[in-house]
Amino acid sequence: MLEIKKYKFWFCPCTQDLYGDEVLAHVHEHAVEVAAALNASDLVPYEVVVKPNLLTNDVIQSTFRAADMDDECAGIITWAHTFSPSKSYIHGLQDLRKPLCQFATQYNEEIPYDSIDMDFMNENQAAHGEREFGHIFARMRINHKVVFGFWKDPEAQAELGQWMRVAVGINESRNIRVCRFADTMRNVAVTDGDKVEAEVKLGWTVDAWPVNDLVPYVDAVTDAEVKELTDEYYDTYELVLDGRDPEEFRRHVEVQAAQEIGIERFLVEHGYNAFSDHFGDLGGLKQLPSLAIQRLMAKGYGFGPEGDWKTPAMVRLMKIMTAGMKDAKGSALMEDYTYNLVKGKEGILESHMSEVDPSVAEGRIALRATPLSMGEREDPARLIFTGKTGPAIATSLVDLGNRFRLIIQDIDCKPVEKPMPMLPTGTVFWEPRPNLKVGTTAWIYAGGAHHTAMSFDLSADQMVDWAESMDIEPVVIDANTN
């Protein structure tokens, strides 16, 4: 299951002791007020905790070190309330490992034209202080986020909240553990890569396990557990028997129930939150895990097929970054299958053999057991649906030999023109921006994979922030691409 610790963000007002104790008291009081407003906003998903004014080298360094040691601290938000000499931050920034956002705001929204004097100017010179503070990041070549705007403005609050989700993704990236049941598909290049470098850069642990080490966990699931979960399936989804005998149909579904329970127990016992399998190496499994994987993805696990270990980690990351998001539409594994090239109706049909995440389903979800030409096993039961519509992003993390590249594409998910009654998979139909021709050509030039981690709930900007924080190369394909 998707379990994220209760993260907090430290709110650190930046100032100096040049202006006297009264000004320092005001700085702290204002910081408390700003933090309270952020905590009261539905646009800010994590708690903001006010810390003492950052005044001196020692205070800054000790605060940043304490943030690094606090497991609940996901990042630091700074606010240069007054002018803050940035040489004071050099040693603290050299130590800091947590993400940092420079909230370029100020206490007052409007210049108090009738009463403004030099005392006011000295106390409220964020325009001065933020530039000094930003310079030291550029000088030290340290990546950080800048959010500009009035602290009561919903737009600024929303941008800060979006960065918080990125910061949680940066922290949790180091907790992603991928289990690979069997190796990658033979002779396929794009799904493989340097797993050691992935752990160095991204913090991901990627381990291989023989699929037959999983089989005893599936076989150990009791008949009573299988019945209970199968009954839940029957209560949740629309059954489509396709002329099958009801008892025979249920037996196919029960295989998937045992697999869902068994796979999850294996993952929990061994500490994994993402996994891959391979239809060509199923060992003692009776069916290709299909419904089982769909259900596990809906619970928050990352998954990738054919031994692809990068996609499950990215899917897991997206689910972490969107955890608890109100009205979330879902993040999921997808695969580019076939084009629609009719003028005015262009797009790409996205799906997979059977493992499509129902968290992106729109409306009716059917439960069927249909033949699968690959894997040489029983007909696997799976969920069949069409996907939601609206703007989204598709991402592909690829290993280019000397670096990782994260390709991020803005897409528009659209309704399919007609039903596809013969296609027994979940599907999403999308058109890449700026259009199918340019978007597809750019994706190919960038070296993007056929497996993607897509999300209705994250933006390209957020994924760029994450990639840059992890020191990997982001490439964005959007409406402005030519």
Side-chain angles (χ1 to χ4, degrees), residues 2 4 43 45 158-159 161-170 172-173 176 202 204 273-274 293-294 296-305 308 310-336 347-348 350-352 355-362 385-398 405-414 426-433 439 443 448-470 472 474-479:
L2 182 60
I4 307 297
L43 300 171
E159 188 177 354
Q162 290 164 1
W163 171 79
M164 284 180 165
R165 293 190 177 280
V166 175
V168 168
I170 294 167
E172 286 286 330
S173 183
I176 289 176
L202 308 173
W204 299 350
N273 42 42
I293 287 173
Q294 292 177 291
L296 290 169
M297 284 193 288
K299 291 178 179 180
Y301 292 95
F303 173 75
D308 178 356
K310 297 188 293 294
T311 301
M314 289 302 301
V315 171
R316 172 68 179 184
L317 179 71
M318 287 180 162
K319 289 179 179 291
I320 288 167
M321 291 170 66
T322 57
M325 182 180 289
K326 184 180 179 182
D327 301 323
K329 295 176 69 175
S331 303
L333 153 77
M334 283 295 158
E335 178 174 272
D336 302 305
I348 309 172
E350 304 286 331
S351 185
H352 204 262
E355 314 99 322
V356 184
D357 189 339
S359 68
V360 298
E362 183 76 271
F385 53 84
T386 55
K388 296 182 176 81
T389 58
I393 60 168
T395 67
S396 173
L397 182 71
V398 294
R405 169 182 287 171
L406 182 66
I407 304 161
I408 310 156
Q409 184 161 54
D410 283 333
I411 58 175
D412 292 293
C413 299
K414 309 187 294 186
T427 60
V428 173
F429 182 68
W430 72 50
E431 183 177 10
R433 295 182 189 177
W443 186 274
H450 52 285
H451 293 161
T452 58
M454 65 89 67
S455 178
F456 284 100
D457 308 308
L458 295 169
S459 69
D461 286 345
Q462 286 175 292
M463 297 313 300
V464 167
D465 286 344
W466 177 82
E468 290 181 341
S469 293
M470 308 308 290
I472 63 173
V475 172
V476 176
I477 306 169
D478 60 13

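The basis for the numbers below is simple: all heavy atoms, side chains too, and nothing from hydrogens, waters or symmetry mates.
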Which residues satisfy the salt bridge (Lys or Arg N to Asp or Glu O under 4.0 Å) test with [X], sequence neighbours excluded?
{"X": "Asp478", "value": "none"}
{"X": "Lys310", "value": "none"}
{"X": "Asp357", "value": "Lys319"}
{"X": "Glu431", "value": "Lys414"}

With sequence neighbours excluded, what pairs up with [X] under the side chain to side chain contact (heavy atoms under 4.5 Å, CB included) test?
{"X": "Thr427", "result": "Leu349, Ser351, Thr386, Met420, Leu423, Thr425"}
{"X": "Pro45", "result": "Met164, Arg165"}
{"X": "Glu362", "result": "Lys388"}

Counterpart residues, side-chain hydrogen bond (donor to acceptor under 3.5 Å, both in side chains), relative to [X] (two or more places apart):
{"X": "Trp466", "value": "none"}
{"X": "Thr311", "value": "Asp308"}
{"X": "Glu335", "value": "Tyr337, His352, His451"}

Residues at least two apart in sequence or cross-chain that pass ring pair (Phe, Tyr, Trp, His ring centres under 6.0 Å) with Phe303, listed by chain then number, are Phe275
Taking distance alone, no hydrogens or angles, what donor-acceptor pairs closer than 3.5 Å link side-chain atoms of residues 389-397 to residues at least two apart or in another chain?
residue	atom	partner	partner atom	Å
Thr395	OG1	Ala453	O	2.8
Ser396	OG	Ala449	N	3.0

